[in-house]
A.B. asks: 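Sharing a structure here in structure tokens format.
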2 protein chains.
Amino acid sequence: MEFRQLNSLIALAENGFSVSRAAQKLHLVQPAVSQHLKQLEQELGTRLFRRNGKRLTGLTESGERVLHYARNILTDTSNILAVGQEHVSEEKGILRIGTTHTQARYVLPPIVRHFSEAYPAVELQMLEGTPRELVDMAQENKVDFAICTEALGEHPALLAIPCNRWNRCLIAPKAHPVLAQKRVTLKALCRHPIITYVAGFTGRDHLNETFGKEDLIPHVVLSATDTDVIKTYVREGMGIGIIADLAYEREKDIDLAMRDLSHLFPWEVTKIGYRKDKYLRAYQKRFIEFFQEISARMGQAAV
Amino acid sequence: MEFRQLNSLIALAENGFSVSRAAQKLHLVQPAVSQHLKQLEQELGTRLFRRNGKRLTGLTESGERVLHYARNILTDTSNILAVGQEHVSEEKGILRIGTTHTQARYVLPPIVRHFSEAYPAVELQMLEGTPRELVDMAQENKVDFAICTEALGEHPALLAIPCNRWNRCLIAPKAHPVLAQKRVTLKALCRHPIITYVAGFTGRDHLNETFGKEDLIPHVVLSATDTDVIKTYVREGMGIGIIADLAYEREKDIDLAMRDLSHLFPWEVTKIGYRKDKYLRAYQKRFIEFFQEISARMGQAAV
DNA sequence: ATCACTTACGGACGGCGTAAGTATT
DNA sequence: AATACTTACGCCGTCCGTAAGTGAT
């Protein structure tokens, strides 16, 4: 058994079982990858792939198991390489962060700024995705950290470090009727068209549940993955916005009125997720600490 | 990075950092192994080894880390191979058990007999060692299971499945004065020369603690790793024996009187230990079940 | 007919073994 | 002097790329 065979297996699984595409990703020609897969099957004496004629369409149960261990092996090899990198220079390397728009736009900027000042030789790579995608990326070691509120902590191979607590707030054009009451209620929210996040993002599912428990049906006229879009349409007068409190910018959003909604909805926790068996380089550990410290300070400032 | 490089690293660490001996174990010539180690260091750009001139004497901190991940990788490769073996034939393979003399001699025989009948095509390999050694063997994947009472459950990389509960009993030649009282006390035991297990074996350490708590000092005239030796010297009249109850054989030991001591000492638990990340083949899972079922039945029979 | 994978073949790289060299005990 | 590791060298295996072949859509 050789690393290249396992790499080909993994690349295959991550590219819809197209041998050609896997080969492309691996910077190899397609027959080479075919050979790896064949060798692996021969050596194990087992069918690993579901086949449709010559095309590979998926994995057998054995194949799934092997893939699992292959991923472990891949993780450990990159752990070994990371040990090497760490010794070459503790303060040099790459940090790959996968996160959602809201985190990238409103939470991470001060953290990233501090981190970059502390570790100027670390190259930061930010990737955006849905929480579900981010979890997969962490699991497949495509990113070092997945930072989001949803979907983390479900995956048994990932560790989820809680870092940041937030809730929702209401935004509306000034003088909007919903602002008449000091303390907004769920019922009051339902009387107006609502603009908020799409399902699977930024606590939308908990938001639905909260209304559901009271047998209320919010009238969501528009949903977006992205707070900026929500704000834009709130400004257009299309409806009232329910957004993460950390996405309200006191200075820039002076044209929008804000009301806290933390008495209505459950608190959400943003977590940093990474593989349990991951070797953390010194600057990676520091990044997590930065995140916790800075977001704790920002939380206080908000209160 | 290649598997052979990691294998050489592991072999080196397991052979007192002698490159020649590692090469021998790997069925390679010594320069080949030297080259692997050199390549690994070069590729990682780090000193992995402590050196004394040309001789290697140990690992640096980086080296230790790398060794750790290399072992993980090795385990996962054997997991992958096991998946293959499983599909070739579910009922064929090897089962490597590391255990202590007492378990091998008094507990395992009926379990092994049943297992062999159920899986005649599985080759059983039994290795003996001290609990400490057995734990290392499980950790290094030299055995599939370590079966013992001590030292298991301490190691973070091992899973310890409790299988069997036992306590001690007293054995003595018939008509020995210690037998006068029906219910033996710790004090009474101290009035006679005692023969029991050596430290680190078969609950000897808990036995010491129990006496210690009462500020009693047992007069141990002879200690052995092995119940048969203890019985032999008890028969010789050298003293009274304190042995595991499961090692008393009602039929064969009719010349020895037996008294239960479970009111004096804590219960001990025999466990099966294996690496947490180990892939268990079907017959390996069955072996654990056999162990639990059969020893539960034997426990009842004893009561 | 096109696309995707398999089979066939040759060149180049590299691993391992042999043998000679150097440091350690 | 003997042991243990390093360096040097050559053969052989094999890995990958090119190119032709085969089966699906």
Side-chain angles (χ1 to χ4, degrees), chain A residues 1-60 62-63 66-67 70 73-74 77 80-81, chain B residues 1-60 62-63 66-67 70 73-74 77 80-81:
Chain A
M1 184 161 34
E2 297 297 331
F3 281 119
R4 35 178 178 283
Q5 295 161 6
L6 302 180
N7 277 327
S8 290
L9 171 66
I10 291 170
L12 184 77
E14 288 177 1
N15 288 283
F17 294 92
S18 156
V19 182
S20 329
R21 290 214 292 151
Q24 226 172 304
K25 287 272 165 100
L26 294 168
H27 306 288
L28 290 172
V29 295
Q30 173 268 319
V33 175
S34 279
Q35 199 181 2
H36 296 164
L37 301 174
K38 194 177 178 180
Q39 287 168 337
L40 199 60
E41 268 195 329
Q42 275 184 356
E43 193 168 334
L44 300 184
T46 312
R47 294 255 85 111
L48 298 177
F49 307 104
R50 305 199 64 74
R51 286 181 167 79
N52 191 345
K54 286 195 173 183
R55 321 268 169 119
L56 305 181
T57 57
L59 291 172
T60 63
S62 298
V66 172
L67 176 63
I73 289 174
L74 198 70
T77 59
I80 288 177
L81 294 174
Chain B
M1 183 161 35
E2 297 297 330
F3 280 119
R4 38 181 176 281
Q5 295 162 6
L6 302 179
N7 277 326
S8 290
L9 171 66
I10 291 170
L12 183 78
E14 288 177 1
N15 288 284
F17 294 92
S18 157
V19 181
S20 330
R21 289 215 290 151
Q24 228 171 304
K25 286 272 166 100
L26 294 168
H27 305 288
L28 290 171
V29 294
Q30 173 268 319
V33 175
S34 279
Q35 199 181 2
H36 297 164
L37 302 173
K38 192 178 179 181
Q39 287 168 336
L40 199 60
E41 269 195 327
Q42 275 184 356
E43 192 168 334
L44 300 184
T46 312
R47 293 254 85 111
L48 298 176
F49 307 104
R50 306 200 63 75
R51 286 181 166 79
N52 191 345
K54 287 196 173 183
R55 319 270 168 119
L56 305 180
T57 58
L59 292 172
T60 63
S62 298
V66 172
L67 177 63
I73 288 174
L74 198 69
T77 59
I80 287 177
L81 295 174

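Reminder, nothing fancy here: chain letters follow the sequence lines and each chain counts from 1. Worth saying up front: this structure is predicted, and the values here are computed from it rather than measured.
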A.B. asks: Between the side chain of Thr46(B) and the main-chain N/O of Leu44(B), is any donor-acceptor distance below 3.5 Å?
C.D. replies: yes
A.B. asks: Output yes when at least one side-chain N/O atom of Gln35(B) is less than 4.0 Å from OP1 or OP2 of dG17(C), else no.
C.D. replies: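 Answer no for this pair, as no side-chain N or O of Gln35(B) is under 4.0 Å from OP1 or OP2.
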A.B. asks: Going 5' to 3' along DNA chain D, between which two nucleotides do contacts with chain B fall, using a heavy-atom cut-off of 4.0 Å?
C.D. replies: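 Contacts span dT3(D) to dT7(D), reading 5' to 3'.
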A.B. asks: Does any N or O in the side chain of Ser20(A) come within less than 3.5 Å of the main-chain N or O of Gln30(A), such that one atom is a donor and the other an acceptor?
C.D. replies: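 No: the side chain of Ser20(A) does not pair with the backbone of Gln30(A).
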A.B. asks: dA4(C), dG15(C), dG21(C): which one has an atom nearest the side-chain heavy atoms of Lys54(B)?
C.D. replies: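 Nearest to the side-chain atoms of Lys54(B), counting from C-beta on, is dG21(C).
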A.B. asks: Separation of Gln5(B) atom CD from dG14(C) atom P, in whole Å?
C.D. replies: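 Roughly 12 Å, once rounded to whole Å.
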A.B. asks: Take the C1' atoms of the five end pairs on each side of the helix from dA1(C)-dT25(D) to dT25(C)-dA1(D), get both axes, and report the angle to 10 degrees.
C.D. replies: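 Answer rounded to 10°: the end axes differ by 30°.
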A.B. asks: Provide, to the nearest angstrom, the distance between the CZ atom belonging to Phe3(B) and the P atom belonging to dG14(C).
C.D. replies: 19 Å
A.B. asks: CG of Leu74(B) to CD1 of Ile73(A): how many Å apart, nearest 0.5 Å?
C.D. replies: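 Reported value, rounded in 0.5 Å steps: 9.0 Å.
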A.B. asks: Quick check: on DNA chain D, is the nucleotide nearest Ser18(B) upstream (toward 5') of the one nearest Leu28(A), or the reverse? Name the residue that is more 5'.
C.D. replies: Ser18(B)
A.B. asks: Are the side chain of Glu41(A) and the backbone N or O of Leu48(A) linked by a donor-acceptor pair below 3.5 Å?
C.D. replies: yes
A.B. asks: Which pairs pass ring-ring contact (aromatic ring centres under 6.0 Å, His included) with one or both residues in residues 1-54 of chain B, sequence neighbours excluded?
C.D. replies: Phe3(A)-Phe3(B)
